[in-house]
2 protein chains.
Amino acid sequence: MIETQEKILATAERLFGEQGYAATSLRHIIAEAGVNLAAIHYHFGSKEDLLDQLVMRRAAPVNTERLAMLDRLEAEPGGPPSVEKVLEAFLEPPFRRISEFPDLIKLMGRLYGEGLMTVIGEKHFHNVAIRFLAALGRALPHLSQAELRLRGQLVLGAMSHTMFYVPVSGSKASVDGAVLLRELIVFLSGGLRAPAVLPERIEEK
Amino acid sequence: MIETQEKILATAERLFGEQGYAATSLRHIIAEAGVNLAAIHYHFGSKEDLLDQLVMRRAAPVNTERLAMLDRLEAEPGGPPSVEKVLEAFLEPPFRRISEFPDLIKLMGRLYGEGLMTVIGEKHFHNVAIRFLAALGRALPHLSQAELRLRGQLVLGAMSHTMFYVPVSGSKASVDGAVLLRELIVFLSGGLRAPAVLPERIEEK
DNA sequence: GTCTATACTGAGATAGAC
DNA sequence: GTCTATCTCAGTATAGAC
């Protein structure tokens, strides 16, 4: 069946989001999906490859949107776009999807800490990171390259932690995705605009 | 031997920090420590309990220092301590130890994403979080309780991501712990001081 | 091309001998 | 306190049925 792949993807997406990648066994996935264990390896190769395809199925359109929004911003006259605009182009596409794919968003947040985002991220997000870091640099000329990269990591940290930890549609204090987005943009642009503290260049490579 | 416990703790601390908790097997630990597999379960109960004890052995003095620094700040005359001072009391104790325990610091950063900090954190860090959130609230009277908690999460996200990702004594662009500390304080206080965006109270509980 | 049955290796955990 | 043997369950690999 061609539906086997889809059943595996949908079930794995849900279980990974609910329990995390490491805590979810392939046998749990196949039990809930009603497929055979070997079907996963036939269609996806390995557990890690399943995760990769699962993440990229949702993340690819997000990255396309991010770059399109950045393109539009940079085509506007009046100098380089502001920090807030750049952050919005980066954060709005994922956070708009929180209500539609809450488990997937939470999973993405998890992956940073599970150390898996290093692998997946390097493969699929590198060009996005380059583009946005450059745009941030033009909006923040007072920062050196080294300090800009450092602060870019802080942005990623706050973003991924938000995706994972903040209850978005859960039981307790649920927070709207749009509210989270505004909060992140205000907080992070405040941090990015702070004065430079690295007076000179950090040792490179 | 009483040294068995210590050998296990030291080896596990190193391996967990290098490879992460999930990726490190007990059999790998015992091989490098030169002890028997069952010794881990005898002395620590389980892999997760080993992690717990290992983390708290280093984190307990850090938390004691944090609270002592906060006590001193709040005893000073002249109104509530500034955001920067509160952040320094929270961040300086762990970041000062980066050169001494780089693996442990990296491990702590990992744990947030591996979902294990929720368990360990709730048990051992709750009182610290309460105290520092209250101190931040007094320094930031323009924020509602809900927005304060939200921004507190962003602080934790940036901090843990920094502990995990930023190369501190590694191969590439190594960054000094003191530099990271200053960068974090400047960035996070800039974010925390940003204007409020939640006009009213968020649905509670 | 798809899927199933089964086996292999390595994981954490535990009971019991010493 | 320590160690051997063993249990269950994980991810993976493959032979072969449809």
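All chains are named by letter (A, B, ...) in the order of the sequence lines, taking the proteins before the strands, and each is independently numbered beginning at 1. Because the structure is predicted, anything quoted here is derived from the model rather than measured.
If you take CG of B/D49 and P of C/dG12, they are 14 Å apart, rounded to a whole angstrom. Put simply, CG on B/L37 is 8 Å from P on C/dG12, counting in whole angstrom units. Rounding to whole angstrom units, NZ of residue A/K47 and C1' of D/dA10 are separated by 8 Å. A straight line from CG of A/L50 to C1' of D/dT12 spans 14 Å, rounded to a whole angstrom. Rounded to whole Å, atom C1' of C/dC8 lies 13 Å from atom NE2 of A/H41. Nucleotide C/dG12 holds its P atom 15 Å from the CZ atom of B/F44, rounded to whole Å. Straight-line distance from the CD1 atom of B/I29 to the C1' atom of C/dG10: 15 Å, rounded to whole Å. Protein atom CZ of A/R27 is 11 Å distant from nucleotide atom C1' of D/dT8, rounded to whole Å.
The listed nucleotides are D/dT4, D/dG1, D/dT12; the one nearest the side chain of B/N36 is D/dT4. Between C/dA13, D/dT12, C/dC3, one nucleotide has an atom nearer to the side chain of A/T4 than all others, and that is C/dC3. Of all nucleotides listed (C/dT2, D/dG1, D/dT12), C/dT2 comes nearest to the side chain of A/Y42.
Without hydrogens or angle criteria, B/R96 side chain to B/L91 main chain gives no donor-acceptor distance under 3.5 Å.
A cation-pi geometry, defined here as NZ or CZ lying under 6.0 Å from the six-membered ring centre and within 45° of its normal, holds between A/R66 and A/F90.
Each of A/G45 and A/H28 has a nearest nucleotide on DNA chain D; the 5'-most of these lies closest to A/H28.
By the 4.0 Å N-to-carboxylate-O rule, B/D71 lies close enough to B/R131 to be salt-bridged with it. The existence of a salt bridge linking A/D103 and A/R58 is excluded, since no basic side-chain nitrogen approaches an acidic carboxylate oxygen closer than 4.0 Å. Between B/E32 and B/K7 there is no salt bridge, since no side-chain nitrogen of the basic residue lies less than 4.0 Å from a carboxylate oxygen of the acidic one. Under 4.0 Å is where a charged nitrogen must lie from a carboxylate oxygen, and between A/E92 and A/R182 no such pair does. Under a 4.0 Å N-O distance rule, the pair A/K85/A/E74 does not qualify as a salt bridge.
Within residues 18-26 of chain A, the residues that place at least one heavy atom under 4.0 Å from DNA chain D are, in residue-number order, A/T24, A/S25, A/L26.
Among the heavy atoms of the strands, none lies under 4.0 Å from B/I40. Here B/A38 lies in heavy-atom contact (under 4.0 Å) with a base.
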